[in-house]
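Whatever order the structure lists ligands and atoms in, that order sets their numbers, starting from 1. For the single chain, residues carry numbers from 1 onward in sequence order. Only heavy atoms go into these numbers, but all of them, side chains included; no hydrogens, no water, no symmetry mates.
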Amino acid sequence: DSGAFTYDPGFTSTASCESKITYIDGDQGILLHRGYPIDQLAEQSSFMEVAYLLLNGELPSQSELDKFVTTITRHTMVHEQLSTFFRGFRRDAHPMAILCGVVGALSAFYHDSTDIEDPQQRVIASYRLIAKMPTIAAMAYKYSLGQPFVYPKNDLSYTANFLRMTFSVPAEEYEPDPVIVDAMDKIFILHADHEQNASTSTVRLAGSSGANPFACIAAGIACLWGPAHGGANEAALNMLREIGTPDRIPEYIARAKNKDDPFRLMGFGHRVYKNFDPRAKVLSKAATDVLDKLGIDDPVLNTARELEQVALNDPYFIEKKLYPNVDFYSGVILSAIGFPTTMFTVLFALARTVGWVAQWNEMISDPAQKIGRPRQLYSGATQRDYVSVDKR
Ligand code: SDX
């Protein structure tokens, strides 16, 4: 019982862990980071400030924030040999495949921050992961285009630095549009952490064995890639583009309701939310704001709005309590910023690295922490004696 709310005893008995970082009430559509509502953080905070909050538990003073941002900024470069490692991939590799590989290899480049028994090394590894993820994500994008890697520029904010590494080319400087920087930063905030989702649980389980943090985050990236999880933002925009015009919505709604059809409405439904995902509410409004400010008229947004209304008024979706989730509108904004759909889950991983690192630190610093060992319900054969092949 933490005063503000008490755990449902039934729920506690099935909880995989206890955490102080993020609270979700799926029935009410509530999402709090260290007690602060996600819509307030998205509208009033910054991704670096939310990162500090998730890691440390309290909002920083200005000097604490400045010190944190300076430390992160000074870790944004990657080992020069990493660019050689990058060049081993095919140019047409999916950026998430590259991200999985490169982040998993970081422990081969940063041996001095892999000892999880050393608190100092845990801090250095945490900062390195948060600081270098934008650089690696931008490198994955540049590599897929056949363009040269762009080094970080330390006089830019975390998010502006990422956008410049992604979109600038030697032939012409890229001045990040403040509208785009703000939209990107808001998207990062909305994807930063989300309690014990599949990828965060993967990071915790990997970390419980004592694996180094780079390997644990790589495991989280691999899990996030699935279309049922972080891969849904790429799948949702592809679906909206495939639907094309609102007159084709009924066909897709019918498919989504057909038990014999594996098709699911991407960006809809959630393991926990049985009400609106509060992040989807913020993104729905941001989609209109950003496209208006950028002067972009994307018919996909109209299709998304129409699809949302049809689904929300459909008895099947009402009965199953299916609402738009964080992935339903994010792709419309990311596309307006200039990203291809193949980069959408990379951006999700970039932002979620902050949550994964915060959750990993909470797990690894718990003295009572033991190795994770989920049990099973065995439904296989009872014990029987071996039969030689000539008697089978
Ligand atoms: C994320 O866990 C997290 O916190 C994840 C995340 C995070 O920030 O980390 O929030 C990010 O992963 C969001 C979810 C992104 N995925 C998608 O948008 C993919 C489409 N959604 C579905 O695949 C589905 O909704 C899941 C995977 C998200 C949840 O699936 P569940 O656990 O089966 O959902 P449920 O138990 O609420 O389903 C109830 C019923 C089921 O049918 P019945 O078994 O009762 O017959 O609704 C059906 C489901 O089959 N259903 C859908 C549906 N989602 C659920 N039917 C059609 N379209 C859908 N999108």
Side-chain angles (χ1 to χ4, degrees), residues 15-17 19 21-27 29-33 38 41-42 50 54 96 187-204 217 219-240 243 249-284 304 307-308 310-312 314-332 341 344-345 347-356 358-359:
S16 61
C17 69
S19 174
I21 299 173
T22 291
Y23 175 76
I24 296 174
D25 180 326
D27 294 326
I30 293 172
L31 168 55
L32 309 177
H33 288 322
I38 188 62
L41 293 172
V50 170
L54 290 171
M96 277 300 281
I187 285 178
F188 285 161
I189 291 172
L190 292 166
H191 289 78
D193 190 54
H194 208 241
E195 204 221 59
Q196 304 311 316
N197 56 85
S199 54
T200 299
S201 301
T202 300
V203 169
R204 279 180 170 259
I217 300 304
I221 292 170
C223 177
L224 185 76
W225 194 3
H229 190 11
N233 54 14
E234 175 178 357
L237 192 67
N238 289 337
M239 174 193 73
L240 290 168
I243 292 173
I249 287 173
E251 172 195 338
Y252 285 80
I253 291 287
R255 285 188 57 196
K257 291 157 63 172
N258 178 358
K259 280 292 148 220
D260 299 327
D261 187 331
F263 173 75
R264 289 283 174 271
L265 216 50
M266 302 317 281
F268 251 80
H270 200 274
R271 277 317 268 120
V272 177
Y273 290 122
K274 303 308 167 192
N275 199 324
F276 264 92
D277 179 336
R279 302 166 297 177
K281 284 185 180 175
V282 177
L283 285 165
S284 170
L307 176 59
E308 177 184 1
V310 171
L312 291 179
D314 182 287
Y316 173 90
F317 286 82
I318 293 168
E319 184 231 332
K320 307 282 185 188
K321 297 183 180 177
L322 304 176
Y323 292 83
N325 61 48
V326 67
D327 295 310
F328 190 64
Y329 284 107
S330 56
V332 174
T341 55
F344 288 3
T345 311
L347 299 169
F348 194 148
L350 189 169
R352 187 53 58 88
T353 295
V354 161
W356 289 330
Q359 298 264 356

Is there side-chain contact between Ile24 and Ile30, with at least one heavy-atom pair below 4.5 Å? no
Any side-chain heavy atom of Val354 sitting closer than 4.5 Å to one from Val50? no
Counting heavy atoms only, name the option from Pro262, Gly230, Ala228, Gly231 that's nearest to atom 16 (N) of ligand 1. Ala228
Pairs of donor and acceptor atoms involving the side chains of residues 320-327, under 3.5 Å and at least two apart or interchain, shall be tabulated with distances.
from   : atom 1 : to     : atom 2 : distance (Å)
Asn325 : OD1    : Asp327 : N      : 2.7
Asn325 : ND2    : Gly267 : O      : 3.3
Asn325 : ND2    : Gly269 : O      : 2.9

What residue and heavy atom of the protein are closest to [atom], and at what distance?
| atom | result |
| --- | --- |
| atom 30 (O) of ligand 1 | Arg271 CD, 4.4 Å |
| atom 17 (C) of ligand 1 | Ala232 CB, 3.4 Å |
| atom 54 (N) of ligand 1 | Leu322 CD2, 3.8 Å |
| atom 9 (O) of ligand 1 | Arg352 NH1, 2.8 Å |
| atom 15 (C) of ligand 1 | Asp327 OD2, 3.2 Å |
| atom 37 (O) of ligand 1 | Lys274 NZ, 2.5 Å |
| atom 46 (O) of ligand 1 | Lys259 CE, 3.0 Å |
| atom 21 (N) of ligand 1 | Phe268 O, 2.8 Å |

What part of Arg279 sits under 4.0 Å from ligand 1 if we count only heavy atoms: the side chain, the backbone, both or neither? side chain
Looking only at the side chains, is there a donor atom on one of Gln359 and Glu195 sitting less than 3.5 Å from an acceptor on the other? no
Compute whether any side-chain donor of one residue and acceptor of the other, for Thr22 and Asp193, lie under 3.5 angstrom apart. yes
Which atoms of ligand 1 sit under 4.0 Å from any heavy atom of [X]?
| X | result |
| --- | --- |
| Gly267 | 17 (C), 18 (O) |
| Pro227 | 19 (C) |
| Tyr316 | 48 (C), 56 (N) |
| Gly269 | 25 (O), 28 (C) |
| Asn197 | 2 (O), 3 (C), 4 (O), 5 (C), 9 (O) |

Any idea which heavy atoms bring [X] and [Y] closest together, and the distance?
| X | Y | result |
| --- | --- | --- |
| Ser330 | Leu283 | CB-CD1, 4.1 Å |
| Gln196 | Ser201 | O-OG, 3.0 Å |
| Leu265 | Ala311 | CD2-CB, 4.2 Å |

Any side-chain to backbone donor/acceptor pair from [X] onto [Y]? Under 3.5 Å, distance only.
| X | Y | result |
| --- | --- | --- |
| Asn233 | Phe344 | yes |
| Ser284 | Ala280 | no |
| Asp314 | Val310 | no |
| Arg255 | Phe263 | no |

Under-4.0 Å protein heavy-atom contact, [atom]:
| atom | answer |
| --- | --- |
| atom 11 (C) of ligand 1 | yes |
| atom 2 (O) of ligand 1 | yes |
| atom 44 (O) of ligand 1 | no |
| atom 26 (C) of ligand 1 | no |

Is there at least one pair of N or O atoms, one from Leu265 and one from ligand 1, spaced under 3.5 Å apart? yes
Does an N or O anywhere in Asn325 fall below 3.5 Å from an N or O of ligand 1? yes
Angle class for the Tyr273/His194 ring planes (parallel below 30°, perpendicular above 60°, tilted otherwise)? tilted
Do any heavy atoms of Lys257 fall under 4.0 Å from ligand 1? no
